[in-house]
Amino acid sequence: LERRAEATYREDNWSATGRVQAYQTVDETLPGSSRPYQRLPQLLFNANLPQHPWGSSTAFSGEYVHFDRTASLTAQRIDLQPTASLPFSTDAAYLTPTLGVRHTQYLLNGKTAGTAYDTRRTLPTLSLDSGVFFERDADFGERRFTHTLEPRLFYLYVPLQDQSNIPVFDSGAIGSSFSNMFQTNRFSGADRVGDATQVTLALPARLLAGDGGQERLRASFGQS
């Protein structure tokens, strides 16, 4: 049973969150090593700074979290992710190259043999997102619509790095969905960063109401 308290403060270009999260285990026979990790505390910071020369933008996300669990490995983790992008766009097309770096560092307690007290990982991420917009008028009976086709091409490169020395505290594979095809990491959490050399090609199509522009139908196809 989850117990959580958090507070968030937001400004135009940044936000900060403080959280404590714990769990009450109903089955008291479960050993400590099988119970969920508690975040005591977790601090999150996110910033997006779009005002740079030539339309470039930078973003930053950071996290500090202390994982605690009875009779088990515990850790403090710092995760830092700065990114920079240079978008090019017209009314009918866009191209956005993005370069990022992810640095994650752990201070481990109760470590097992062969596990370093200070463990860290630094990986670059390169992505290139592009798309084109097509639209035409479409009539169905007496109803008028705008029919769009929005081809999208997404390239992602993340180098391979052995991460077997990093324990897993909150990472897991993300589910399959159309939007997840454009994520830069196929794992949630910070304990795992998936290597990738991949291209994703997608074709979303929409029907918009001709009188007000409301979306009436969406179909999306894609493959990585």
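As the structure is a prediction and not an experimental result, all values here were calculated from the model.
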Contacts of T8 meeting side-chain hydrogen bond (donor to acceptor under 3.5 Å, both in side chains) (sequence neighbours excluded), chain-then-number -> T17
Could you check R152 against E150 for salt bridge (Lys or Arg N to Asp or Glu O under 4.0 Å), going step by step and ending with a plain yes or no?
CA-CA 6 Å; R152 184 177 179 183; E150 305 165 25; over 6 Å; no
Heavy-atom distance under 4.5 Å between the side chains of [X] and [Y], does that happen here?
{"X": "N109", "Y": "L73", "result": "no"}
{"X": "F67", "Y": "T74", "result": "no"}
{"X": "W54", "Y": "L86", "result": "yes"}
{"X": "D195", "Y": "Q161", "result": "no"}
{"X": "R19", "Y": "L44", "result": "yes"}
{"X": "P204", "Y": "F178", "result": "yes"}
{"X": "T98", "Y": "D129", "result": "no"}
{"X": "L99", "Y": "T83", "result": "no"}

So R216 and L208, side chain to side chain contact (heavy atoms under 4.5 Å, CB included) or not? Walk me through it. CA-CA 6 Å; R216 300 303 189 192; L208 309 178; over 6 Å; no
What distance separates [X] [atom1] from [Y] [atom2], expressed to the nearest 0.5 Å?
{"X": "R121", "Y": "Q163", "atom1": "CZ", "atom2": "CD", "answer": "4.5 Å"}
{"X": "L201", "Y": "Y155", "atom1": "CG", "atom2": "OH", "answer": "15.5 Å"}
{"X": "F45", "Y": "S61", "atom1": "CZ", "atom2": "OG", "answer": "10.0 Å"}

Practice task
Carefully, step by step, assess D170 and R39 under the rule salt bridge (Lys or Arg N to Asp or Glu O under 4.0 Å).
Solution key: CA-CA 10 Å; D170 63 357; R39 294 178 173 95; 3.2 Å; yes
Heavy-atom closest pair (H52 atom, S57 atom, distance to 0.1 Å) is CD2-CA, 3.7 Å
**Prompt:** At their closest point, which heavy atom of N48 faces which heavy atom of P50, and how far apart are they?
**Reply:**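 Shortest heavy-atom contact: O-CD, 3.3 Å.
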Requested in this report: Kindly determine whether D211 and R144 satisfy salt bridge (Lys or Arg N to Asp or Glu O under 4.0 Å), including the steps that lead there.
Outcome: CA-CA 8 Å; D211 53 354; R144 303 196 64 183; over 6 Å; no
Give a yes or no answer on whether the side chain of D191 reaches the backbone of F169 with a donor-acceptor pair at less than 3.5 Å.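 Yes: the side chain of D191 pairs with the backbone of F169.
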Over 12 non-hydrogen atoms of neighbours within 6.0 angstrom of CD in E142
no
Report the C-alpha separation of Q76 and Y64 in whole Å, then their side-chain angles, then the decisive distance to 0.1 Å, and conclude whether the side chain to side chain contact (heavy atoms under 4.5 Å, CB included) test is met. CA-CA 7 Å; Q76 300 176 70; Y64 166 81; 2.7 Å; yes
**Message:** Working note: Q42 + Q21, criterion side chain to side chain donor-acceptor pair (under 3.5 Å); need CA distance, chi angles, decisive distance, verdict.
**Reply:** CA-CA 8 Å; Q42 181 183 30; Q21 182 185 35; over 6 Å; no
>> When you measure from the centre of the six-membered ring of F187, is the NZ or CZ of R192 closer than 6.0 Å and no more than 45° off the axis?
In response: no
For this session: Might you work through the side chain to side chain donor-acceptor pair (under 3.5 Å) test for D79 and T104, ending with a clear yes or no?
Result: CA-CA 4 Å; D79 185 47; T104 311; 2.7 Å; yes
Apply side chain to side chain contact (heavy atoms under 4.5 Å, CB included) to residues L149 and L203 and explain how you reach the verdict.
CA-CA 7 Å; L149 284 176; L203 184 63; 4.2 Å; yes
